[in-house]
Amino acid sequence: MATATPVARRADALLRRLEWTVLKRLDGLLQGDHRTLMRGSGLDLADLREYQHHDDVRHIDWNVTARLQTPHVRVFTEDREMAAWFLLDLSPSVDFGSGQQRKSQVLLDFTAVLARLIGRHGNRVGAVLYGSRGQPVVDAVLPARGGRTQVLRLMQMVLQPPAKPAGTPQKNGVTQLADLLRAAVHTVRQRGTVFVVSDFISEPGWEKPLGELARRHDVVAVRLVDPLELDLPDLGLIPIRDVETGQQLLVDTHDPGFRQRFARIAAQREAQLLESLGRAGVDTLELSTDDDLAEAVMRFIELRKRRQRLGREGLAGRPVPTQLPTRTRQGLGPRSQGASP
């Protein structure tokens, strides 16, 4: 048997730790309720046939009925196999943390826990990686498969991105989250659940492809946040560097006026981000670097349950809100504030 690489051993040790510290706390929470976590691919239209006694009248295809002058019903087949995809933004701004954890570590832990939870029910998980080699490009696609080995394979790809093919030109620039989402539109064909794990510190233009993805899939925007991006404390005169462009700026955080402007810009960006996510029709879960991961997953599961309840109310004729309440903060900083001081 081949000797495990250091990255493989690190991934296995991390997953074992998460299984004991997070998954063990969540045991029993999803028993018999895994459809709360992800909606899967649902029902697929298989055929049309003439209406028969005891057929469900809700399945009558009125367009075909009008053309043929004979009632016809739609026949469906249910695809019970579910697939979850993780779109992972590993751009330089994600490799930031003002405390004990970086956003990249939160991304890895959350992805591993959710993938393991989903995979334990016999479902498949896949991933699309963006920016993992420090360049604003889609780096790798991991086809959807099941099992613990698949989760370890995904973790290893995050910890040690695949080598760049020889002769590939260097591409510099800031994060273009739209490129990741467009790649997913073409990659994720079967309807399922898609987790977009990112700090959403990106150039504009990602809203439209996110909406396209949400029209076919059940999409969850997992926002990675660090407290320093939300509220800048008085640290005196400090250098701030944009990790994506290399631009450096000396700022005086002792100046109350500067901190107020920072907070105002952060609040504006927060409002714009929430509005964009709401228009795209996706659920939103916020993950902070000072979060307890188990509590965050429970928060996500509660959000899914609430979505199901609201869906049933909508079928009963009650209005369904377009935004689900989640844990929120005062805001996110502008793109350059994702940089490390």
Side-chain angles (χ1 to χ4, degrees), residues 34-44 79-91 94 106-119 121 123-132 138-146 150-151 153-155 157-158 175-200 202 205-224 273 276-287 296-297 299-301 303-304 307-308 311 322-324 326:
H34 65 278
R35 289 186 182 275
T36 296
L37 193 61
M38 49 189 287
R39 287 212 294 261
S41 55
L43 299 173
D44 288 325
D79 185 356
R80 294 184 177 276
E81 184 184 60
M82 298 182 186
W85 282 82
F86 294 87
L87 310 186
L88 304 180
D89 172 12
L90 299 169
S91 57
V94 174
V106 175
L107 175 148
L108 178 60
D109 290 357
F110 175 80
T111 300
V113 167
L114 261 290
R116 190 74 179 102
L117 274 175
I118 292 166
H121 293 289
N123 303 309
R124 298 174 299 124
V125 296
V128 181
L129 276 63
Y130 174 91
S132 61
V138 173
D139 297 315
V141 175
L142 178 65
R145 294 190 180 91
Q150 176 76 347
V151 179
R153 188 178 295 115
L154 171 55
M155 296 174 69
M157 289 177 67
V158 174
T175 300
Q176 300 281 353
L177 194 57
D179 292 345
L180 171 61
L181 298 171
R182 290 193 192 101
V185 169
H186 298 292
T187 301
V188 186
R189 295 293 187 178
Q190 183 184 20
R191 288 194 299 274
T193 299
V194 176
F195 298 92
V196 184
V197 190
S198 170
D199 57 9
F200 289 89
S202 166
W206 53 264
E207 297 87 348
K208 184 177 178 180
L210 181 63
E212 281 183 51
L213 206 60
R215 280 194 290 273
R216 180 167 179 80
H217 306 281
D218 176 23
V219 179
V220 181
V222 183
R223 299 166 49 202
L224 305 171
L273 180 57
S276 297
L277 293 172
R279 281 200 306 268
V282 303
D283 288 343
T284 304
L285 173 69
E286 181 185 291
L287 285 182
V297 174
R299 200 162 65 239
F300 167 65
I301 294 169
L303 182 147
R304 310 306 314 194
R307 166 68 81 184
Q308 283 195 341
T322 56
Q323 281 271 57
L324 290 177
T326 60

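Note that the structure is predicted; figures quoted are calculated from it, not measured. Residue numbers count from 1 along this sequence. All values below come from the heavy atoms of this structure, side chains included, with hydrogens, waters and symmetry mates left out.
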I want to check something: taking the side chain as every heavy atom from C-beta on, are [X] and [Y] in contact at a cut-off of under 4.5 Å?
X: Val197; Y: Arg223; value: no
X: Leu210; Y: Val219; value: yes
X: Val222; Y: Val196; value: no
X: Leu88; Y: Val158; value: yes
X: Leu129; Y: Val138; value: no
X: Asp283; Y: Leu277; value: no
X: Val94; Y: Ser198; value: no

Any donor-acceptor pair under 3.5 Å linking the side chain of [X] with the backbone of [Y]?
X: Arg299; Y: Glu286; value: yes
X: Asp218; Y: Gly192; value: no
X: Tyr130; Y: Leu181; value: no
X: Gln150; Y: Pro143; value: yes
X: Asn123; Y: Ala83; value: no
X: His217; Y: Val188; value: yes

Would you please test Ser276 and Trp206 for side chain to side chain contact (heavy atoms under 4.5 Å, CB included) and show each step? CA-CA 9 Å; Ser276 297; Trp206 53 264; 3.8 Å; yes
Looking only at non-hydrogen atoms, find the nearest pair between [X] and [Y] and report the distance.
X: Ala214; Y: Gly281; answer: CB-O, 4.3 Å
X: Ile118; Y: Ala84; answer: CD1-CB, 3.7 Å
X: Val282; Y: Ala221; answer: CG2-CB, 4.1 Å
X: Met157; Y: Ala140; answer: CE-CB, 3.5 Å
X: Glu212; Y: Arg215; answer: CG-NH2, 3.1 Å
X: Pro209; Y: Gly205; answer: CD-O, 3.3 Å

Is the ring pair Phe110/Phe195 parallel, tilted or perpendicular, if the boundaries are 30 and 60 degrees? perpendicular
With rounding to the nearest 0.5 angstrom, report the [atom1] to [atom2] distance, [X] to [Y].
X: Leu287; Y: Asp199; atom1: CG; atom2: CG; answer: 12.0 Å
X: Leu114; Y: Phe86; atom1: CG; atom2: CZ; answer: 5.0 Å
X: Arg189; Y: Arg216; atom1: CZ; atom2: CZ; answer: 8.0 Å
X: Asp179; Y: Asp89; atom1: CG; atom2: CG; answer: 11.0 Å

As a quick check of understanding, evaluate side-chain hydrogen bond (donor to acceptor under 3.5 Å, both in side chains) for Ser91 and Thr175, giving each step before the final call. CA-CA 7 Å; Ser91 57; Thr175 300; 3.2 Å; yes
Exercise for review: Could you give me the CA-CA distance, side-chain angles and deciding distance for Trp85 and Val125, then say whether side chain to side chain contact (heavy atoms under 4.5 Å, CB included) is met?
Suggested key: CA-CA 6 Å; Trp85 282 82; Val125 296; over 6 Å; no
- [ ] Kindly indicate, with the supporting measurements, whether the criterion side chain to side chain contact (heavy atoms under 4.5 Å, CB included) is fulfilled by Leu90 and Leu107.
- [x] CA-CA 9 Å; Leu90 299 169; Leu107 175 148; 3.6 Å; yes
CA sep, side-chain torsions, deciding dist, call: Thr111, Leu154, side chain to side chain contact (heavy atoms under 4.5 Å, CB included):
CA-CA 9 Å; Thr111 300; Leu154 171 55; 3.6 Å; yes
- Going through the distances and angles, do Arg124 and Gln190 end up as a side-chain hydrogen bond (donor to acceptor under 3.5 Å, both in side chains)? CA-CA 12 Å; Arg124 298 174 299 124; Gln190 183 184 20; 2.7 Å; yes
